[in-house]
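Note on naming: letters A, B, ... go to the chains in the order of the sequence lines (proteins, then strands), and numbering restarts at 1 for each one.
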Amino acid sequence: MNLTLRIWRQAGPDAPGSMTTYQVSGISPDMSFLEMLDTLNEELITRGDQPVAFDHDCREGICGACGMVINGQAHGPERTTTCQLHMRHFKDGDTIDVEPWRASAFPVVKDLVVDRTAFDRIIGSGGYITAPTGSAPDAHATPVPKEAADTAFEHAECIGCGACVAACPNGSAMLFTSAKVVHLNVLPQGAPERSSRVRNMVAAMDDEGFGGCTNTGECATACPKGIPLTSIAAMNRQFLRASLG
Amino acid sequence: MTTVTRTGRPPSLLLNLWRSTVGKKAVMAVSGLLMLLYLVFHMLGNLQIFFGPEEINHYAHWLRTLGMPFLRYEWLLWIFRAGLTVCVVAHGVSAYQLSRRDIAARPTKYAHQRQRATYATRTMRWGGVILGLFVIWHILDLTTGTVNPVAEHEHPYQNIVASFDRWYSCVFYILAMLALGLHIRHGFWSAAQTLGANNARLNFFLKLAANGLALLLSVGFVSVPLAVMFGVVK
């Protein structure tokens, strides 16, 4: 496959950036999107140019490190992470636009790499349970209803990739925050801190400068892990109950 | 994260809610739902026009005497007007503040632009502005009568017919009611989501109810100018 790539190049956090056009050839349809970028980078390095910086780690769709907006869609046209997006979803001769996540809370570090520590600070404000550590508790010490376990697991699937923020027209982190809130609040282990968790995490989210939710549903459509839009309703319910109660 | 010391006075409940994006959205949801409830009765009241001038003029008089003799003439009407004004202001101010914040959260736009969300969702902000302007026109036309050719107090039938005898009044009214339908289509479901009333089971029914309400209100309101235009009501 031969492709034309228009990639956002930005030398540093404060440097001005622009979309730069590259041609790549000899791309196999079996390559992942990241492998295609690796091919481009090898060429750039051989030419003595700066390679395109992008985040990646596990390359098997479970770590959430990779993430870029491909043709205006977070993680590209398929509902998966960028590392699991394969070139067979594009056509020979296509022009592909590649941009970093765009949000004031996710400043660009370089090229396609953004600083997502805002998510870490949201987690730090309540995305955990306070429990003495040590030897593992007995498996049957705290019974968990099956339905609660399923809901918790569904929301624990969130890998914090940030696609929800990138896809949201308001750069809102509601889906991410709600995934963490619902995951812990539905479990008996998370129950004691239920109301402080939701209040603190929403406050931390607001402090980071993420936008508000206008219920466009773009986040849930982009989420590679399928966190449902109704999770936001669940978080709203818990937030209002915790704030008014 | 802010910490509140034990000796300090904790910030009030409502202030805390108002400061958060989720709380502001809740204000929008509640004020929006109250206005929606009012509109259902307003629309049903408007349909009195199809029963003739006496019926709707009598209905208008009844509205003014509601609650008498416990309340004085027009008091209940003014209580409703005050409540609605509070709703409009709360709805508008929170929409403005949230929009400012949303725009600031994405300072750099994507180079590759793509249509996002449904038409109703995308037009919430400008649709809201259109509705706000329409409300001003509507009050000047049929409440105060400032821009109405007849402007007879307690004769809404004559005022309505006179208003809709002007083509631009009909056009503005019908456009505003289409905007209202779109606004409710997204707004009703969105309010349920914001207030935490939505879940996987209810989602379908809430969307259905939103579409039903949007259609019902738009058709109900638009029927009046159409009836005047086509000579059903004259």
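Listed options Val69(A), Leu244(A), Asp206(A) were ranked by heavy-atom pairs under 4.5 angstrom with chain B; first place goes to Asp206(A). For the set Ala192(B), Pro107(B), Ser99(B), Gly196(B), the count of heavy-atom pairs under 4.5 angstrom toward chain A peaks at Gly196(B). The greatest number of non-hydrogen atom pairs below 4.5 Å with chain A, out of Leu14(B), Thr108(B), Thr121(B), Leu98(B), is found for Thr108(B). In terms of non-hydrogen atom pairs under 4.5 Å with chain A, the most contact-rich of Ile103(B), Leu17(B), Val22(B) is Val22(B). Between chain B and the residues Val165(A), Thr214(A), Val98(A), Ile70(A), the largest count of heavy-atom pairs under 4.5 Å involves Thr214(A). With chain A as partner, the option from Asn199(B), Asn203(B), Thr194(B) having the largest number of non-hydrogen pairs under 4.5 angstrom is Thr194(B). Across Ala103(A), Gly211(A), Ser104(A), the residue that shares the most heavy-atom pairs under 4.5 angstrom with chain B is Ser104(A). For chain B, the option among Asn170(A), Val108(A), Thr230(A) with the highest count of heavy-atom pairs below 4.5 Å is Asn170(A).
Heavy-atom distances place the backbone of Phe210(A), and not its side chain, under 4.5 Å from chain B. Interface residue Leu229(A): backbone and side-chain heavy atoms are both found under 4.5 Å from chain B. For chain B, the nearby parts of Ile232(A) are the backbone and the side chain; heavy atoms of each come within less than 4.5 Å. Contact annotation for Arg125(B): only side-chain heavy atoms (C-beta onward) come within less than 4.5 Å of a heavy atom of chain A. Of the two parts of Lys109(B), only the backbone, made up of N, CA, C and O, holds a non-hydrogen atom closer than 4.5 Å to a non-hydrogen atom of chain A. Heavy atoms of Glu208(A) lying under 4.5 Å from chain B are absent altogether. Both the backbone and the side chain of Ala111(B) come within contact range of chain A, each with at least one heavy atom under 4.5 Å from a heavy atom of that chain. Looking at Leu195(B), both its backbone and its side chain come within 4.5 Å of chain A, counting heavy atoms on both sides. Contact annotation for Ala104(B): only backbone heavy atoms (N, CA, C, O) come within less than 4.5 Å of a heavy atom of chain A. Both the backbone and the side chain of Met205(A) come within contact range of chain B, with heavy atoms under 4.5 Å apart. Using a 4.5 Å cut-off between heavy atoms, Gln113(B) does not touch chain A at all.
Surrounding CZ of Arg100(B) are at most 12 heavy atoms belonging to other residues, nucleotides or ligands under 6.0 Å away. Within a 6.0 Å radius of CH2 in Trp75(B), other residues, nucleotides and ligands contribute 12 heavy atoms or fewer. Counting non-hydrogen atoms of neighbouring residues, nucleotides and ligands closer than 6.0 angstrom, the CZ atom of Phe205(B) reaches no more than 12 such neighbours.
Exactly one of Thr151(A), Val144(A), Val182(A) qualifies for a side-chain contact (heavy atoms from CB on, under 4.5 Å) with Leu187(A). That residue is Val144(A).
Aromatic ring centres of Phe33(A) and His75(A): separated by at least 6.0 Å. A ring-centre distance under 6.0 Å is found for Phe134(B) and Phe172(B).
Of the charged side-chain nitrogens involved, at least one lies within less than 4.0 Å of a carboxylate oxygen, so that Asp141(B) and Arg166(B) count as a salt-bridged pair.
Side-chain contact, Asn185(A) with Gln238(A): a donor N or O sits under 3.5 Å from an acceptor N or O. Checking Gln10(A) against Asp111(A) by side-chain atom types alone, no donor-acceptor pair falls below 3.5 Å.
Because its NZ or CZ atom is not both nearer than 6.0 Å to the ring centre of Trp78(B) and within 45° of the ring axis, Arg64(B) does not count as a cation-pi partner of that residue.
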Test Arg185(B) against Tyr119(B) for side-chain hydrogen bond (donor to acceptor under 3.5 Å, both in side chains), laying out the working first.
CA-CA 10 Å; Arg185(B) 181 181 147 90; Tyr119(B) 186 74; over 6 Å; no
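Within the 3.5 Å criterion, the main-chain N or O of Gly72(A) finds no donor-acceptor partner in the side chain of Glu99(A).
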